[in-house]
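So that the names make sense, note that chain A is the first sequence line, chain B the second, and so on, each numbered from 1.
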Amino acid sequence: MSEERKSLNFIEQIIEDDLSNGMSKDDLRFRFPPEPNGYLHIGHTKAIGISFGLGEYYNAPVNLRFDDTNPAKEEQEYVDAIKRDIKWLGYEWDKVLFSSDYFQQLYEWALQLIKEGKAYIDSQSSEAMAEQKGTPTQPGIDGPYRNRSVAENLELFQQMKDGVFNEGEHILRAKIDMQHPNMLMRDPIMYRVINKEHHRTGNDWCIYPMYDWTHGESDYLERISHSLCSLEFKPHRELYNWFLDQIVDPNTLRPKQREFARLNLSYTIMSKRKLLQLVEEGIVNGWDDPRMPTISGLRRRGYTPYAIRKFVETVGVAKRDNIIDVSLLEFCIREDLNKTAPRVMAVLDPIKLVITNYPEAKEEWFDAENNPEDENAGFRKVPFSKNLYIERDDFKEEASTKFFRLKLGGEVRLKNAYIIKADHVEKDANGTITEVHCTYSEDTSKKVKGTLHWVSIPHALKATVQEYDRLFIDAAPDSHQDKDFMAFLNPKSLKTIEAYVEPSLKDAKIGERYQFQRLGYFNVDDATTAENLVFNKTVGLRDTWAKVKPKQNENQPKQPQQNNRPPIEHIKSFGKKYDRMPEDKQAKAKAEIIELAQHVSYDDVAPLFNTSVKKSGTRIITMITLGVLLKNGLEKNEAITAFIAKALEDKNALLVAEAKVLA
RNA sequence: UGGCCUAUGGUGUAACUGGCAACACGUUGGUUUUUGGUACCAAAGAGUCUAGGUUCGAGCCCUAGUGGGCCAACCA
């Protein structure tokens, strides 16, 4: 087997290293640990793809573990939705587990920590505790209850568990280090009182463990070998390890937490809290609204599990922040649907076409290919008659030769039917075209530039089509410190259209996906009834014609991340390229450097004087900057004179020229 | 007055661990086409944040800087 070396991502690398350092392949075990407080979204798919993908690759078990330690936010509805979505994506878990399964064990371990003097009951207000905790840049201080006796701690903890106290009166904290540089290590909370019914344990407990106390210990109990999570948990790793240190038996497998960058998609948001807000405020019609980046939203929109998995595979795994362009997601779904979706004709924005030389009562049924990408897809019959609908966009009275569609005097092919020629138009009082009159010819062998889709008016079915645009008009709506993400909502994200579709769609079933030829991919929405067909537009076809057309209502191009670089850094960025630039660019760069140099000090430039000889670009931009400083009254010193002198002897003509100006 | 993470074409990820910066999306041309789709061909686009160092050789190692991110919930 000559297997091509596939480059491993850093997580696969870690696992391979562990394996070659003696870990048994049988010890490999992963988990996906969602909190059941919302629906899964496309961002979760990455985490799912990583852990379940690893499971598939190594043939290792993957647990689905619901991290249900906060009854105030969690619901059974979410548990069910999460399971459904993972199944739909095509992944198989080994066991379904719940953090709440471990409440008793966690409690016993907490008792052990108290007895060892490693945990204590704090009885202050959360404000007081926050104050003692310090800030990221300032150490914390010990609180007054930090040195309570073991006996007292034990008694209070028992009372917490017995429901003696109200929420907020007492909590259990680990006793670590209030001065620790990592805030999470400053005596983190392990237990708090919550008087809410839990969706699984009911009212058995009124104390609930916190995430950090729960997560590592749950991984340990399940013998998870690699506990993979997103980057924002990196600071938790130290605490994760500290908690494990307290209870791990050195002869058993110790789980390892590793972190990867989460997935961000342009023009949408990935925060469950914010998605919930969209649902609750009625901006969208529920978690499965086709505009939502949730799995259920994408499913309803017509995405396939294959496309989503392909997408996640394509984006890769690394540790730097990223914003992936939606066009990649769209590519993945088009690629799948192109091969599988039956083609069909539908007119979304109709204009009436009358074939004047076609008999009034006549109808013909033509064969139409179901899918040119699939030889086995076969043919269907489509009806043709004197009166048709075509897209309003497909006709113009006059147009340039670049316009391949129908214009007066021009010829065009009707897909699966005849070639027609437009003769004249009928208009209403406003000058709007109401009918296009044309004549057909039976000779279909002729070559014409354009082919149009159409439907026969007497045979057409009415259908509702929902067309979606991005939910936000900004590429990164929740990355603005000064503006709320809601300010970027796209008011036109949903467009409902009354369309006409060919009669073969009469018995279309919910969930079925079609290509409306020349328009895009559409699927049959859940809201479809026997009386009314409803389609969702999944994604449009790639449209190179749309780019040629003068753009009408183009969305803001995404703004580049603004860099708050100091001027000298900005100047330096020209250095590498400067002597390779074409002249006009060079002049522009020079002007910019001179402008920036106004805000540069001698101390900024001085370190650049000993730039190595071969980096002439950097030396040139340094020379230009220096020129500005000298002009602004800087006195020449020895270092400056030496730098200029050395430059005068250089081979690079540009550098010499700049140096001569200052010499 | 801190700790940690991070920096490679427009975007995302690679570079066999120090040896010709590659792949995908996107973009631009072209061929084919009864979808301005698909498929196919081609091109443009980065010299790897900056400077210094080690080395015959650095995207990769070392030092210093700069940009970006995360950390102060009785959330996960």
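- The phosphate of B:U34 (OP1 or OP2) has no side-chain N or O of A:Lys415 nearer than 4.0 angstrom.
- Applying the 4.0 Å criterion to OP1 and OP2 of B:G36, one finds that A:Arg518 has a side-chain N or O inside that range.
- Taking atom P on both nucleotides, B:G12 is separated from B:G69 by 14 Å, rounded to a whole Å.
- To the nearest whole angstrom, the two P atoms, one in B:U27 and one in B:U38, are 10 Å apart.
- For the OP1/OP2 pair of B:U34 and a distance below 4.0 Å, the side-chain nitrogens and oxygens of A:Lys447 include at least one atom meeting the criterion.
- The side chain of A:Arg192 contributes an N or O atom lying less than 4.0 Å from OP1 or OP2 of B:C75.
- If A:Lys449 and A:Asn70 are placed on RNA chain B by their nearest nucleotide, the residue sitting closer to the 5' end is A:Lys449.
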Under 3.5 Å, which protein N or O atoms sit close to an N or O of nucleotides 27-31 of chain B? Give each pair with its distance.
from  : atom 1 : to       : atom 2 : distance (Å)
B:U27 : OP1    : A:Lys547 : NZ     : 2.4

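- No more than 12 heavy atoms of other residues, nucleotides or ligands shown are found within 6.0 angstrom of NZ on A:Lys421.
- B:G47 takes the syn form, because its glycosidic angle lies no more than 90° either side of 0.
- The side chain of A:Thr135 approaches B:A72 more closely than any other nucleotide in the set B:U38, B:C25, B:A72.
- Contact annotation: A:Thr618 side-chain N/O to B:A51 OP1/OP2 distance is under 4.0 Å.
- Distances shorter than 4.0 Å separate none of the side-chain N or O atoms of A:Ser7 from OP1 or OP2 on B:U13.
- Under the ring pair (Phe, Tyr, Trp, His ring centres under 6.0 Å) criterion, A:Phe395 pairs with no residue at all, not counting sequence neighbours.
- A:Arg380 and A:Glu502 are joined by a salt bridge, as a carboxylate oxygen and a charged side-chain nitrogen come within less than 4.0 angstrom of each other.
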(request) Would you write the dot-bracket representation of RNA chain B, where each base gets (, ), [, ], | or . depending on whether it forms a Watson-Crick or G-U pair under 3.5 Å and with which partner? (result) .((((((..((((.....[..)))).(((((.......))))).....(((((..]....))))))))))).....
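- For A:Thr137, whose side chain is taken as the heavy atoms from C-beta onward, the closest listed nucleotide among B:G2, B:U11, B:G12 is B:G2.
- Nearest nucleotide to the A:Ile171 side chain, out of B:U35, B:C74, B:C70: B:C74.
- In this structure, A:Phe331 forms no aromatic stack with the base of B:G26, since the conditions of centre separation below 5.5 Å and plane angle below 30° are not both met.
- For the pair A:Pro209 and A:Val613, both in contact range of RNA chain B, the more 5′-proximal nearest nucleotide belongs to A:Val613.
- The side chain of A:Glu569 has B:U66 as its nearest neighbour among B:U35, B:U66, B:A76.
- Separation of the P atoms belonging to B:A64 and B:C74 is 36 Å when rounded to the nearest angstrom.
- Exactly one residue among A:Tyr102, A:Tyr191, A:Phe157 makes a ring pair (Phe, Tyr, Trp, His ring centres under 6.0 Å) with A:Tyr107. That residue is A:Phe157.
- OP1 or OP2 of B:U50 sits under 4.0 Å from a side-chain N or O of A:Lys576.
- Ring centroid separation for the pair A:Phe331 and A:Phe311 does not come in under the 6.0 Å cut-off.
- Checked against a 6.0 Å centroid threshold, the rings of A:Tyr211 and A:Phe233 count as neighbours.
- Checked against B:C74, B:C75, B:C5, the side chain of A:Glu35 finds its nearest nucleotide in B:C75.
- Residue A:Thr451 has its side chain nearest to B:U35 when only B:A76, B:G12, B:U35 are considered.
- Distances were taken from every side-chain heavy atom of A:Arg343 (C-beta onward) to each of B:G12, B:U35, B:A51; the shortest belongs to B:U35.
- Contact check on A:Lys310 versus A:Glu313 returns no salt bridge, with no Lys/Arg side-chain nitrogen under 4.0 Å from an Asp/Glu carboxylate oxygen.
- In terms of modelled atom types and a separation under 3.5 Å, the side chain of A:His41 and the main chain of A:Met270 share a donor-acceptor contact.
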(request) Could you give me the CA-CA distance, side-chain angles and deciding distance for A:Lys381 and A:Asp367, then say whether salt bridge (charged side-chain N to carboxylate O under 4.0 Å, His left out) is met? (result) CA-CA 5 Å; A:Lys381 295 279 187 189; A:Asp367 284 323; 3.1 Å; yes
(request) Check the pair A:Lys446, A:Glu411 against salt bridge (charged side-chain N to carboxylate O under 4.0 Å, His left out), reporting the backbone distance first and the verdict last. (result) CA-CA 10 Å; A:Lys446 210 194 288 184; A:Glu411 282 187 316; 2.9 Å; yes
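- A:Lys615 has a side-chain polar atom (N or O) that falls below the 4.0 Å cut-off from OP1 or OP2 of B:A51.
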